[in-house]
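Protein chains get the first letters and strands the later ones, always in sequence-line order, with residue 1 at the start of each. In this text the structure is predicted, and so the values were computed from the model without any measurement.
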Amino acid sequence: MNIARVIVDVPAKQTDRAFDYKIPSHLEGVILPGMRVVVPFGPRKIQGFVTALQAESDFQQLKSISEPMDLNPVLNQELLTLGEWLTEKTLCYKISAFQAMLPAALKAKYEKKLVMAKNADRKLLPERVSALFQKTEEILWDDAVKSGALPLLQKEASNGNIEIIYQVKERVKKKKVKQVFAAADPNKLADYLQQLPGNATKQKEVLEYFLHEEGPVDQKELFSLFGITSSTIKGLMQKGLLGQRDVEIYRNPFGDREFERTEPLFLTDGQRKAIIPILNSIENNRHETFLLYGVTGSGKTEVYLQSIQRVLENGKEAIVLVPEISLTPQMVKRFKGRFGNQVAVMHSGLSAGEKYDEWRKIQRKEVKVVVGARSAIFAPFENLGIIIIDEEHETSYKQEENPRYHARDVAIERAGNHKCPVVLGSATPSLESFARAHKGVYHLLTLENRMNNQALPSVDIIDMREELREGNRSMFSRKLLEKIKDRLGKKEQIVLFLNKRGHSSFVMCRDCGYVINCPHCDISLTYHRYNQQMKCHYCGYEAPVPNACPECESEHIRYFGTGTQKVEEELAKILPEAKVIRMDVDTTSRKGAHEKLLDQFQDGHADILLGTQMIAKGLDFPNITLVGVLSADTMLHLPDFRSSEKTFQLLTQVSGRAGRHELEGEVIIQTYTPEHYSIELAGEQDYDKFYEREMMVRKIHRYPPFYYISLVTVSHEELMKAVSVTEKITQYIQSKLSAESIVLGPVASPIPRINNRYRYQCLIKYKREPELGLALKKVLDNYQQDIATGGLSVSIDLNPYILM
DNA sequence: AGCACGCCGACT
DNA sequence: GTCGGCGTGCTC
């Protein structure tokens, strides 16, 4: 078994297979499946993943593995197999699947450099070249290109005077601290202490310290303790009195924060009824998917916590997924509070190094629970007892780049491997999941009442067209304003929700109606007030607001649409006494800002919390009695068959923020389309009715959950190329499918151009097409050349969540 | 994805 | 005659 099958780090069709390598004798038994290795590949060296060991290979001229990159495999057998599965399910490259399962820190970094050959005679080198090597031993390739001396250097390389080397490097280093310890016994230290000259005061102090404390001490601590620098330590080390070593440590994103321990709460009848089947499944090692459907505030989290507790008692591990956006300190607190340092947390707010450290805690079995966003589903546990997905309906569980996986699917696959339950929790389940629960594919568990039986808040829907007709042109309806004033008077708190950050959404000329678009994308530019710039959210293009309309030269340029910033300004104008905290991507991007703002609000330092998406979930403050949704329809008109569902879910989630404790809550929803069923039913907080209504719509239009959908998006710099390729793909797919399936296309994408690339697409709706995956694979094969060199891009999503 | 190899046009 | 353009095919 001295041959390794290796998947190399070259994401391309032609290299999407295993390459065999010899394992050099000194590495036999060291190299194991799941390890990262450095291998020679053509003239360069690259990273690869060992997927298996074997005794023989069909290939004649095997090369040898250069070196291992890990002491222990980073992928266990289950994850290796899961990688294969991912590849098939999402049509991605094997290497992409493996990399998606690991923290980004483990992705290789490559360096290409030039060094002088060992036997090269400096004097024989051209002057320009030897001058370059005067300062450094090695020259980075990119620097060589910039210097313009590359042709010369290459010539010397072919003469054998210069070597081109390829290096594979780690992206992130393990964090280490230097520790100092006594390297001699106390007697010897005491002896030396005597011999030291009187002016060596610092050395004396340090030695005296080590007479009592022999143990390793962080060097930093010594520095601050005695006001010394490393030279003092070095001096003592040279005398053989002290020793120094590097110790690996974890970065600690939570500081030395203590989390207050909590005990399991007494379950309500409803919770108890819901948890029994889950515990049953845990005890019997049964793979089963539960849909835990409970209104906001019904205590789903406690059900999760106690299920996990049972899993831990059985010596197994748990994965909890929460949407990125609600992975708030509040959420972390609940899990760390219950399970202490058995919990690892993985979310995008952590640096690459911090994520890597949390991942290593899992890998080393130092923790038993991981709470994290989408990618935490790949946590390298080996003894999973439960997987929980909170806010199951959230679209952020779908990865929108390759591999385009849905965490829910991965969860069910992994739970199948481990014979353990999956719990999907939501107050507003996705139609797909609720339908599956109805069909009995998932086991439906319902929490009907809020804890302490609080009433759901009362919801008022305000028709903003009516307001306009009656002369109210502000963004606040009279009723909302009145209620806000009322709460301000009572010292109760208010949450205002707006689904848009920034200032205005687009810039338009009032005279001719010209909307300023991005020159590279077919999308309007967004106005950002802080720097007076218009920005494209797709390609990053930025430009100042023009003084005059580019079309008609009118100076009546106006900003349309309302963002959080603008609301904040407006509030300051009409309610100057109100203290407002604004929470959106712009105010929470700094580390810890999120928590700080929430703490401020909780401590009553503000009356109004104004924010986007991110305040829709998880907030649980007793003093909130009014929730205002400033514009319910912002997402309703998106070209997306799920827009009604998303609107309903969002409104329901936001409404749930009010009146969770003793005080009763009220919700005001402002809208221009009050008659739309998703808004009307959100007002009535009737999920079941919404489900029925929406299912009818989906059935008529043949969308999920009645049909599966797949989306092929083609893009190219030339419009005609994009169109013709999409046309051919559409025809081919059509010819491969049964009569019940529907192929829509080719049509321009909802955003027909991004970054100067034209985008066309083809949507496939089907009930059963076992051959579709194969056909789509063939499509990719067929256009492989154009994709590789012709600037063509073909992306395939087998279950898209964003149709743009 | 790189990179080498190879086959054609424009220059010392 | 050679330098360098980028099309083609290979990487264990």
Sorted by position of nearest nucleotide on DNA chain C, 5' first, the leading residue of Pro151(A) and Gln785(A) is Pro151(A)
Taking the six-membered ring for Trp, is the centroid-to-centroid distance between Tyr397(A) and Tyr405(A) below 6.0 Å? no
>> If we count only N and O atoms by modelled type, under 3.5 Å, do the side chains of Asp9(A) and Gln99(A) hold a donor and an acceptor together?
In response: yes
Query raised in the report: Does Lys176(A) pair with Glu248(A) as a salt bridge, N-O distance under 4.0 Å?
Result: no
note: Ile65(A), atom CD1; dC12(C), atom P; distance rounded to Å ~ 13 Å
Under 6.0 Å from the ring centre and within 45 degrees of the ring axis: does the NZ or CZ of Arg5(A) meet both conditions for the six-membered ring of Phe19(A)? no
Atom CG of Asp20(A) and atom C1' of dT11(C) are separated, to the nearest Å, by 13 Å
Here the distance between atom C1' of dC12(C) and atom CD1 of Ile3(A), to the nearest Å, is 10 Å
Exercise. Please work out if Tyr21(A) contacts a base, only the sugar-phosphate, or nothing of the nucleic acid, heavy-atom cut-off 4.0 Å.
Key: sugar-phosphate
Whole-Å distance, Ile7(A) CD1 to dT11(C) C1', equals 14 Å
Ile95(A) atom CD1 is separated from dT11(C) atom P, nearest whole Å, by 18 Å
Enclosure of Tyr708(A) OH (heavy-atom neighbours >12, cutoff 6.0 Å): no
Lys63(A) NZ to dC10(C) C1', in whole Å, measures 11 Å
In 5'-to-3' order, the base (B), backbone-only (S) or no-contact (-) status of each nucleotide in nucleotides 1-12 of chain B, using a 4.0 angstrom heavy-atom cut-off, is BSS---------
In whole angstroms, the gap separating C1' of dT2(C) from NZ of Lys155(A) amounts to 12 Å
Please determine if Lys112(A) and Asp142(A) form a salt bridge, counting it only when a charged side-chain N lies under 4.0 Å from a carboxylate O.
no
